[in-house]
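Just so you know, ligand 1 is whichever comes first in the structure, and atom 1 is the first atom listed for that ligand.
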Amino acid sequence: MKNTAVIILAAGKGTRMKSATAKVLHCIREKPMIQYVTNTAVRLAGSDVIVVVGTQADQVKAVVSEVYPDVRFAFQKEQLGTGHAVLCAIPELCDNIEHVLILCGDVPFLKLSTLTKLIDAHIWQKNIITLVGSVIDNPRGYGRLIIDPQNRVSRIVEEADATADEKTIKLINTGIYCVHRRSLETMIRQVRPDNTQNEIYLTDIIEIASKQGAGIGMVKCEDSNEILGINTIHDLEKAESVLMTHEKP
Ligand code: UD1
Ligand code: MG
């Protein structure tokens with residue numbers, strides 16, 4: 001995967017965890033959360049992995065570097081949103097990079113096979129953005145995918161900004177994307193914090209691309225454990241139980 005880099009977003013405090021420790025430092029089965037997705041990323045992209053750090057940056061860097069010494073870091077001083085976190089990582093991308101995978105540090109169980117499926121679809125369909133979507137029974141807390149009459153993803157609406165109707169949508173954004181590098185650089189600079197949380201949402205690049213008529217694709221992941229996003233202590237407990245169930249006797 002010579003022309004593909006991975007950006008992992010891990011700078012957030014994790015306010016919903018209600019803890020003084022940065023979210024990605026919380027452990028699942030005694031292993032810091034950030035090490036899970038970093039492992040998958042390194043297997044895919046080797047040294048072309050950039051982790052965006054901010055909250056407790058030195059500690060996050062230490063737990064990553066200890067196991068993955070080739071991973072590089074970008075610093076997000078203020079946590080202004082997932083889009084802003086990506087903006088902070090862009091200067092770290094090497095010149096040869098054509099495709100950028102964006103992953104979240106709080107989605108630990110993502111499989112390598114899902115990422116290769118995502119990249120294959122992205123390249124084969126010549127998309128500008130390809131994302132991983134999932135239909136789940138309880139979509140609460142996730143961004144919802146809005147599908148246009150041509151059956152393409154045209155927008156992502158966050159839970160906090162969704163109407164009652166939009167909240168009934170079960171097709172969610174897993175926070176995993178593959179984006180054409182040059183288009184990402186242009187689109188991410190166009191995102192404005194015009195939402196209820198006043199954040200620069202990465203998810204807004206979908207609507208920007210859609211309005212330009214750019215190709216947006218989706219691959220589905222049917223395993224709700226694989227795309228589990230950890231935002232609360234309850235989610236963390238769920239992650240523990242997922243690993244318990246998968247553990248061999
Ligand atoms: C995000 C997506 C949502 C998706 C969900 C999947 C946005 C706006 N929303 O929501 O559509 O369904 O993930 O799990 O992207 N982070 C930073 N810097 C920041 C803010 C966040 O690095 O300024 C990092 C966090 O540390 C975390 C990741 O980005 O690892 C996602 O942030 P989080 O606040 O958990 O977003 P969600 O609300 O889960
Ligand atoms: Mg999250």
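Contacts with ligand 1 closer than 4.0 Å are made by side-chain heavy atoms of Ala85 only, the backbone lying farther away. In Gln76, the part holding a heavy atom less than 4.0 Å from any atom of ligand 1 is the side chain. If you look at Glu199 next to ligand 1, there are no close heavy atoms at all, none under 4.0 Å. At a 4.0 Å heavy-atom cut-off, ligand 1 does not touch Ile227 at all.
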Check: Taking it one step at a time, do Arg29 and Glu240 satisfy salt bridge (Lys or Arg N to Asp or Glu O under 4.0 Å)?
Finding: CA-CA 6 Å; Arg29 298 251 104 184; Glu240 290 274 353; 3.6 Å; yes

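Counted by atom type alone, Asn127 and Gln125 present one or more donor-acceptor pairs between their side chains at under 3.5 Å. Using modelled atom types and a 3.5 Å distance limit, the side chains of Asn231 and Lys23 yield a donor-acceptor pair. Counting only N and O atoms by type, the side chains of Glu98 and His180 include no donor and acceptor under 3.5 Å apart. Counted by atom type alone, Thr21 and His26 present zero donor-acceptor pairs between their side chains at under 3.5 Å. Remark: the Glu226 side chain and the Thr114 side chain contain an N/O donor-acceptor pair separated by less than 3.5 Å.
Once rounded to the nearest 0.5 Å, the distance linking CG of Asn96 with OG1 of Thr4 reads 9.5 Å. The distance from the CG atom of Leu110 to the OH atom of Tyr36 is 14.0 Å, given to the nearest 0.5 Å.
With hydrophobic clusters built from ILVMFWY side chains whose heavy atoms lie under 4.5 angstrom apart, Ile90 does not share a cluster with Phe75. Both Ile123 and Val132 are part of a single hydrophobic cluster, where members link through side-chain heavy atoms under 4.5 Å apart. Under the 4.5 Å side-chain contact rule for hydrophobic residues, Val51 and Leu115 share a cluster. Residues Tyr142 and Val157 fall into different hydrophobic clusters, defined by Ile, Leu, Val, Met, Phe, Trp and Tyr side chains chained together at heavy-atom separations under 4.5 Å. Val86 and Ile205 fall within the same hydrophobic cluster, defined by Ile, Leu, Val, Met, Phe, Trp and Tyr side-chain heavy atoms under 4.5 Å apart, directly or through other members.
Residue Arg16 places a heavy atom under 4.0 Å from ligand 1.
Scanning the protein for heavy atoms near atom 1 (C) of ligand 1, the closest one is Glu158 OE1, 4.5 Å. Of the protein's non-hydrogen atoms, the one nearest atom 22 (O) of ligand 1 is Ala11 N, 2.8 Å. Taking atom 35 (O) of ligand 1 as the reference point, the nearest protein heavy-atom neighbour is Asp106 OD2, 2.8 Å. Closest to atom 6 (C) of ligand 1 among all protein heavy atoms lies Thr174 O, 3.5 Å. Distance from atom 26 (O) of ligand 1 to its nearest protein heavy atom, with residue and atom name: Gly12 N, 2.9 Å. Taking atom 23 (O) of ligand 1 as the reference point, the nearest protein heavy-atom neighbour is Gly81 N, 2.8 Å. Of the protein's non-hydrogen atoms, Asn173 O, 2.6 Å is the one closest to atom 12 (O) of ligand 1.
Near Tyr201, the atoms of ligand 1 lying under 4.0 angstrom from a non-hydrogen atom of the residue are 8 (C). Near Gln79, meaning under 4.0 Å from one of its heavy atoms, ligand 1 places the atoms 23 (O). Applying the 4.0 Å criterion to heavy atoms of Gly143 picks out, from ligand 1, the atoms 3 (C), 4 (C), 11 (O), 12 (O). Residue-ligand proximity, Leu80 to ligand 1, at heavy-atom distances under 4.0 Å covers atoms 23 (O). Ligand-side atoms of ligand 1 in range of Lys23: 35 (O), range being under 4.0 angstrom from any heavy atom. Atoms of ligand 1 lying under 4.0 Å from any heavy atom of Asn231, numbered from 1 in the order shown and given with element: 35 (O), 39 (O). Atoms of ligand 1 lying under 4.0 Å from at least one heavy atom of Ala10, given by number and element, are 22 (O), 26 (O).
Here's the thing with Val52: none of its N/O atoms is less than 3.5 angstrom from an N/O atom of ligand 1. Considering both main-chain and side-chain atoms, Ile156 never comes within under 3.5 Å of ligand 1 through any nitrogen or oxygen pair. Checked by distance only, ligand 1 and Gly175 stay at 3.5 Å or farther apart across all their nitrogen or oxygen atoms.
When each of Thr38, Ile34, Val63 is tested with Tyr68 by the rule side chain to side chain contact (heavy atoms under 4.5 Å, CB included), just one qualifies, namely Thr38.
Shown are the protein N/O/S atoms under 2.8 Å from the Mg ion (ligand 2), given by residue and atom: Asp106 OD2, Asn231 OD1.
Applying the side-chain hydrogen bond (donor to acceptor under 3.5 Å, both in side chains) test to residues at least two apart or on different chains, the pairs with a partner in residues 202-223 are Glu207-Lys211.
A salt bridge links Arg144 with Glu159: at least one charged nitrogen is closer than 4.0 Å to a carboxylate oxygen. Salt bridge status for Glu166 with Arg155: present, with a side-chain N to carboxylate O gap under 4.0 Å.
Other residues, nucleotides and ligands contribute over 12 non-hydrogen atoms within 6.0 Å of the CD atom of Gln150.
The heavy atom nearest to atom 31 (C) of ligand 1, out of those in Leu103, Thr82, Leu9, is found in Thr82.
Distance screen at 4.0 Å: atom 8 (C) of ligand 1 has a protein heavy-atom neighbour inside the cut-off.
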